[in-house]
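In what follows, every chain begins at residue 1, and chains take the letters A, B, ... in the order their sequences are listed.
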Amino acid sequence: MTLSLSLPSFSAKLVPPSVYKAPTYSYRQKLQPFSSKDYNFQHLAGNLSVQQLHKAISTLDFASHQSTHHEQLVNCFLLLQACISSRSFELGKLLHHKLIDSGLELDSVFLSSLISLYSKCGDWKKAFSIFQSMGNKRDLVSWSAMISCFANNNMEFEALVTFLDMLEIGLYPNQYCFASVIRSCSNAKYASIGHIIFGIVMKTGYFDSDVCVGCTLIDMFAKGSYDMDSACKVFDKMAQKDVVTWTLMITRFAQLGCPGVAIDLFLTMLLNGYMPNGFTLSGVLSATAELEFLSLGQQLHSWVIRSGLASHDSVGCSLVDMYTKCAADGSVENSRKVFDRMPNHNVMSWTAIIRGYVQGSGQDKEAIKLFCDMLQGHVTPNHFTFYSVLKACANQEDLHFGKQLHAKLVKLGLSSVNSVGNALINMYARSGRMECARKSFDILFENNLISYSTIVNAHVNYLNSEEAFESFHNSKHTGVGVNSLTFANLLNGAACIGTIGKGEQIHARVVKSGFGSAQCINNALISMYSRCGNIETALRVFTDMGDRNVISWTSVITGFAKHGFATKALEMFYEMLQAGVKPNGVTYVAVLSACSHVGLIDEGWKHFNSMYKDHGVVPRMEHYACVVDLLGRSGSLSEAIEFINSMPFEANAVVWRTFLGSCRVHGNIKLGEHAAKMILEQDPHDQSAHVLLSNLYASKGQWKDVGAIRKAMKQKSITKEAGSSWIEVENKVHKFNLGDKSHPQAEKIYDELDRLASKIKSLGYVPNTDFVLHDVEDEQKEQYLFRHSEKIAVAFGLISTPKLKPIRVFKDFRVCGDCHAAMKYISMATGREIVVRDATRFHHIMDGTCSCNDYW
DNA sequence: CTAGGGTTAG
């Protein structure tokens, strides 16, 4: 549906305000006490409690002759107003039904209020039927009420059409009408119409004279186009301001990521003599929470108590939230105190405290308990509540409760709401139930970037590379709630898989979205390009970005390290120190691994010794593992084991696994067995220990030992995960397993493999059957080698990509030694550059040599 | 009579 609106014909229909006559009729002037002697509505209507209202309405007696019809109407009208202002909509409806039964005729004033009643309780159909039944009794007020009703119920299109219809019949809009119609332009879809109406409002003068109109305009810019500049211009030009205006500006700045500005505005507001109310406080408290500005939060809290605003619902919620977000140690104590002292709890306060337990302290069991308490207290959870509880469930080993919630959510129709759906995806993905995760994704109302980023991350964690981006391809950028973190997540997904095509697409979206300068995005871009094999572009992003932090530097150093450019990595490291950026633990992992990838043993030692001494970074297990790798990889196995024994804490499986890897490379069975023993002591089911040791035996031809390990694995029901390789061609990821024939072009691929085999043999390639891990005849061994997934991926790359482009292959495990050798020959035979990323590093293979110098 | 401001999220 589109709405076309052209300014000339539109304004030609406007009648000047003086022509329009406001109704002279007023209920206020003709108040009379109603039949029941118990209530003097004239005084009480505004202050009736819900119980009193209920009694008054249920005891209404229209048959009584003590008062005239008009007096009865006047009093009913007051009751209706009381119902609306106390949000007792059910009572309001009861009143309406009683009036219908009484047969009293309702005038346009009364009917407009009824439209408002139904509008506010969400029953726009009823409101509309009243409006339609009014026929020619419709006046400006009833039109305004109807427009407002559509705006309230997310029917912007209908609101705008109604507005146009009203102009059509020659009514001139007043401030109420403008406020409603502008509100429906807060939807980004109608931003351009909003600008036209803005122009008209400027001419009418309502913009200067009416605070409400100004407020809706501010919101139109803030909500519809995230355009705080224009919002500020409206704010500055407004002749009249009040608490609401200030509050609006404060909350919008806080919501749009400028909490500092929000707090400044709050102070300016105080300096200008405005008295903040509950809404203001809750807005500024959110800003405070966002900045984790605890001391200001505490000051505001004491002010809240002194000013008596503590009983304000949303202030309580904001305080609960502020204390959880500001607690450096994640404690919920302060939040809990605020929560317990709140006079009444609603969905929001329950959700705030539950969220506190989940996010702050990770006390998931307590969060689930609170959720049950909430249900017991008959408070209905909303999708935010479910979001938090599902997060708590995701951390439980037993998904029983989580599944129950899922069933409940389906019944409530909430499972397709984005935030809930994302929480479900997360919950299932965490426990590896990818099918359930996928189903939760498929039923989402709106597959926006955030849900894509959730499912992509979920798949990435389980290395379902071909599925991860399958859906991303068609994703639409809805822009709703997307922030820099969304993009960073997506980039991380692309990086994990190594799909540079998707990575570039996301990069383009980032640029379009205006998040291009965000530091976390640039850091993610550096990492993405480098992990996808394009270190040059990674470096360019790094050079071009304005504001670099440790993460930016570390990302680029890691990039160089992984690509085997140790000297470049170390140069960057020194440059970073020169720039005055303090290295952290991750930086040292990058530096040490750079050294170990090229065998710079002395340099590595130097940094390991200086990290604490010169930069105060305490070496952790992973740093020790780097040194073990540094020594072991270079063949100094006995030094490595000496180093392990001298560590200040007991080596964990990671360290031993690193060492076992070195034993495999250098063929040392005795030390390898020891390492495997140490790993299995910590975890008898460790898969890598079994596989590495078995491979070590196999390479030495000790088939009996290989068999023994196989048997042991079978007994412990440990399965060997099959390694796989993948390659991206024309934006699609093609994944291959060992001996894979499932690809549609399998026949062509295997033909190419055969051709390659004979071609490279003539160049001197000798199959290295040490890498065949089964005990079979030599001839068969050779065939086995040519079924390796990395060779299949390379062959596919050769037949399906243009000649000049490098072939980028990814493997989830270490590349096999024979494949590595074969690829060097293949690069010679075909003149193609082959880039391989395996579990540990990159290999750039060209003209028969590899950037790793066969040291890896 | 009809209009403006609030919490929680990936």
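When the side-chain nitrogen and oxygen atoms of A:K241 are compared with OP1 and OP2 of B:dG4, none of them lie within a distance under 4.0 Å. Within the structure, every side-chain polar atom (N or O) of A:S112 is placed at least 4.0 Å from both OP1 and OP2 of B:dT2. Put simply, A:Q175 has no side-chain N or O that comes within less than 4.0 Å of OP1 or OP2 on B:dG4.
Shown for residues 211-218 of chain A: residues whose heavy atoms fall under 4.0 angstrom of DNA chain B, namely A:V211, A:C212, A:C215, A:T216.
At a cut-off of 3.5 angstrom, the base of B:dG5 holds no donor-acceptor pair with the side chain of A:D219. Between the side chain of A:D210 and the base of B:dG4, no donor-acceptor pair under 3.5 Å is found.
The interatomic distance linking A:F253 (CZ) with B:dG5 (P) rounds to 17 Å, in whole Å. For the pair A:F386 CZ and B:dA9 P, the computed distance is 17 Å after rounding to whole Å. In this structure, A:K137 atom NZ and B:dT2 atom P are separated by 17 Å, rounded to whole Å.
Using modelled atom types, one finds no donor on one side chain facing an acceptor on the other under 3.5 Å when comparing A:T216 with A:D219. Using modelled atom types, one finds a donor on one side chain and an acceptor on the other under 3.5 Å when comparing A:N277 with A:T280.
Applying the salt bridge (charged side-chain N to carboxylate O under 4.0 Å, His left out) rule to pairs touching residues 205-215 of chain A yields nothing, sequence neighbours excluded.
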Does the pair A:D165 and A:T162 meet the rule for a side-chain hydrogen bond (donor to acceptor under 3.5 Å, both in side chains), with working shown? CA-CA 5 Å; A:D165 286 347; A:T162 310; 5.4 Å; no
